[in-house]
Amino acid sequence: MENPDPILNTRREVLRTIALGFGQLALASLLGEDAVANTASDGSLEPRNPLFAPRAKRVIFLFMLGGPSHLDTFDYKPRLDREHGKPLPFPKSRIKFDGTGNLLRSPWKFHHYGESGALVSDLFPHVAQHADDLCIIRSLHGTNVAHGAAILKLHTGSDTFVRPSMGSWILYGLGTENQNLPGFITICPTLGYGGVKNWSSAFLPAPFQGIPLANSTVPPDQARVRYLENHRVPRSLQRLQLDMLRDISRAQLHQTQLNRALEGRIQSFELAFRMQTQMPEIQDISDETAATRRLYGLDDQLTANFGRQCLLARRFAEQGVRFIQVTHSSPATWDQHYELLEGHETNAQQVDRPIAGLLKDLKTRGLLGDTLVIWGGGEFGRTPTVQGDYAKKPGRDHNPTGFTIWLAGGGVKGGIRYGATDDYGYHAIEDKVHLHDLHATILHLLGLDHERLMYRYAGREFRLTDVHGNVVEDVLA
Amino acid sequence: MSGSLLKTENRERVTYINQKDETGYDFTRRSIYLPVIRNNLYDVFSLFDYANASMIDGNRSTTTIAPQALFLMNSDFVWKATGQMAHGLLADGVVDTEPQADTNRIQALYLATYGRTATRGEVARARAFLERAEAGLRATESEIVPPRLGAWQLLCQVVLAADEFIYIR
C-alpha cells in the first residue's frame, strides 16, 4: 500500500533535474550575474546594502486615486482666471478620454507659503504650512488617459503588461529592516483598476509582494491584518507545526520540480509566524497620545479615516517597513468630471490635515530625513478645459500630459518647484519628468540604480523603468 | 441542499461603510455557491484573491502572502475543520498509540486530503510529529484535550496547509 520513497523517481526525472541544474549554472555565469548580485533572486527579505549610499531608507507613498487636479492644488495658472470661458488657443490632445469645452478657472484662491513662496490653493491649507519641505514637481507626464492603465503605469512602470510593483522592486533590491513585519504594506488599496497587480511582485519572487491592509471597501478603522492571535495552540507547538510543514513541503517540492510559488509559500508561513509577535501592537493605535491623534485629524469624523491610515503608515515606517502605500479612494475618488468644487473640496478636506500631520510627526520624530514621502498625486492630472455646463457644477477631464506630484524628506530638496506646464497647465513643457524618470529618481534616492536593478525572466532582463528613465538630479538634496 | 443561501431579507444585504452586513457564509457548499456582497466581500474571499466583484475580470490573480498563512494557522474556520477531521480519524476509538492503528490513520488522512497513500518516510515523519505534539500539549498544559486528539488535530492542520492540498498539480 505504501509508495516507495520517491527521492529519485525515474531515470527521466533524474536527467531532467540534472540538465536543468547544469544549464542554469552555465547560463548564470555566462550572463555575468554579478550585475544583479546585490539583490535576492531567492526571495530573501534580509536587509541588503544598496549600491551606493542611500538618501532615503523607506518610502511612504500617498496615492490619491482618480486624478486630483494639479490646476486646483499646486499648479496655479493665472491665465485660466483671465480667459475663463474662452477656447483653448491651441489644439487639444488627439487622444482624449472624453470631450471637453472651453477653459475653466480654478474655483480656489492660491496663496504663497513659506520662505520658498510656493503657491498652494485653499484646498491644502495645512499641507501648505510645510511648503518649505516640499519638492513640487509640476511637469510630470505619463502616457495613458484611462484610470486602469495609468494606475498600473504609476505603480509598475507598465500600462500594458503585468509587471512587478515599485514596492516589490525595492524589496528585491534592498530587503527590509524588520523581519517581523512585511517589507511592503499597502493600506486600503483599491481592488479596481488592476487591483492586486498594483502591489504584486509579478515575476519577482513571491515574498516581495505587497501585503494589503484591508482594501478600499473596508472602513480604515477596521483595516488590519487579521488572524494574528491563536489562544489555543501554544507558540512552541505552532513552531513544531511549521517545521513539519516545511519538511513535507520540501519533500513535495522534490517530487514536483522546484517551483517559486511554493518556495514563496514556505516563506509566507515563516513571516506569518514572526508577524504574530509584533503586528498586533503596531496595528493597535491606542497608545498614541491625544495630541498625536489630533495631529492626524482622528478627532474629526471627516479626517479620521485617512488620518488613521497615515498614522499607521508612520507606525510602520518607525518599525522599519521599507515601502508603505496609503491610498485615498473612499468614500469617493478624485475623479471629478463633474462637481469639481464639491468633490475636490470634500476629498481635500479628508486628506489635508492627516498629510500635514504625517509630515510634522515624521519631522518631530527625526524620521523625515530618511523617509521619502511621495504625494503621488493621482494617476494623472486634469484638463484646463471644462466638462459639463459652466452653470451646472462642471468638472475637468483626465489629463496625463502634464500634472503635479510632490516629494518630501528622504534626500530631496525642500522648498523648490521643478518643471512647468504651459500657460494653461495642459502639457508639461519645461524640465519634463516622465513617470519612468520618477521611478528612476525614487530608486536612486534609496541607493539603487534603476539601470542595474534587473531581474531575468522569460529569457531577458527586466527593469522597473524598462529601457527608459533618467534620474532627476536637480531635485536631489 | 436546495434553497437560497441568503440569510437576509431582500435588500438587507445592501451595505455601506459602517453598516453591519448580516450575510452568513456558514454552508458546506463549494465557494462558488456562496453569497457575494460586492462592497463587503467575504473575508476568506478577499484573503484568497477573489476578483473585484464590481468589475469584469478575465483572469483571477494569485498571491502568496503571509495573511493567508495566518488564516490557515489561526482562524476558527480551519480550527473547526481540523477538529472534525481529527475526530473522524479517531472515530474507531483506539486512542492508544498502537503503531498499526496510527499508520492506518495516517494513510487515511493522506488518502482523504491528497488522494494518495503516504510514503514510508511520510508515515515516519507524521508519527514523530504526533509524539512530539502530544508531549508538547501535555507539557504546556494546553486547553486542547485530550492531548492525543489535539496532536492529531495539529497534524491535520499541517496537512491542510501544505502545498499539495492547496495547489492542483
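FYI, side chains are in, hydrogens and waters are out, and symmetry mates aren't considered; it's all heavy atoms of this structure. Note on naming: letters A, B, ... go to the chains in the order of the sequence lines (proteins, then strands), and numbering restarts at 1 for each one. If you're wondering where the values come from, they're calculated on a predicted model, not measured in any experiment.
Neither the backbone nor the side chain of A/R246 comes within contact range of chain B; no heavy atom of the residue lies under 4.5 Å from a heavy atom of that chain. B/S142 touches chain A through its side chain: at least one heavy atom from C-beta onward sits under 4.5 Å away, while N, CA, C and O do not. With a threshold of 4.5 angstrom between heavy atoms, A/P234 approaches chain B through side-chain atoms but not through N, CA, C or O. Residue contact with chain B, scored on non-hydrogen atoms closer than 4.5 Å, involves the backbone and the side chain of A/V233 alike. Heavy atoms closer than 4.5 Å to chain A are found in the side chain of B/I144, but not in its backbone. In this structure, chain A has a heavy atom under 4.5 Å from the side chain of B/Y114, while its backbone stays farther away.
Between A/L271 atom CG and B/L70 atom CG the span is 8.0 Å, to the nearest 0.5 Å. If you take CZ on B/F129 and CD1 on A/I248, they are separated by 9.0 Å, rounding to the nearest 0.5 Å.
A search for salt bridge (charged side-chain N to carboxylate O under 4.0 Å, His left out) contacts involving A/D243 returns A/R239, not counting sequence neighbours. Residues passing the salt bridge (charged side-chain N to carboxylate O under 4.0 Å, His left out) test with B/D76, sequence neighbours excluded: A/R232. Residues passing the ring pair (Phe, Tyr, Trp, His ring centres under 6.0 Å) test with A/F273: none are found, sequence neighbours excluded.
Formation of a donor-acceptor pair under 3.5 Å by the A/R265 side chain with backbone atoms of B/A161 is found in this model.
Note on A/L237, A/V225, A/D247: by heavy-atom pairs under 4.5 Å with chain B, the leading option is A/L237. Of the listed residues (B/A128, B/S75, B/A139), the one with the most heavy-atom contacts under 4.5 Å to chain A is B/S75. Among A/Q267, A/Q241, A/E229, the residue with the largest count of heavy-atom pairs under 4.5 Å with chain B is A/Q241. Interface remark: of the candidates B/I65, B/L137, B/I166, B/N74, B/N74 forms the most heavy-atom pairs closer than 4.5 Å to chain A.
A/N230 and B/M73 get closest at one heavy-atom pair: ND2-O, 3.2 Å. Of all non-hydrogen atoms in A/I211 and B/A66, the two that sit nearest each other are CD1-N, 3.8 Å. Between B/T140 and A/S236, the closest heavy-atom pair is CG2-OG, 4.1 Å.
Residues of residues 275-283 of chain A that come within less than 4.5 angstrom of chain B, heavy atom to heavy atom, are A/M275, A/Q276 in numerical order.
Tested against A/Y227, the residues B/V78, B/L72, B/L47 include a single side chain to side chain contact (heavy atoms under 4.5 Å, CB included) partner, B/L47.
The closest side-chain heavy-atom distance from A/Q209 to B/T64 is below 4.5 Å.
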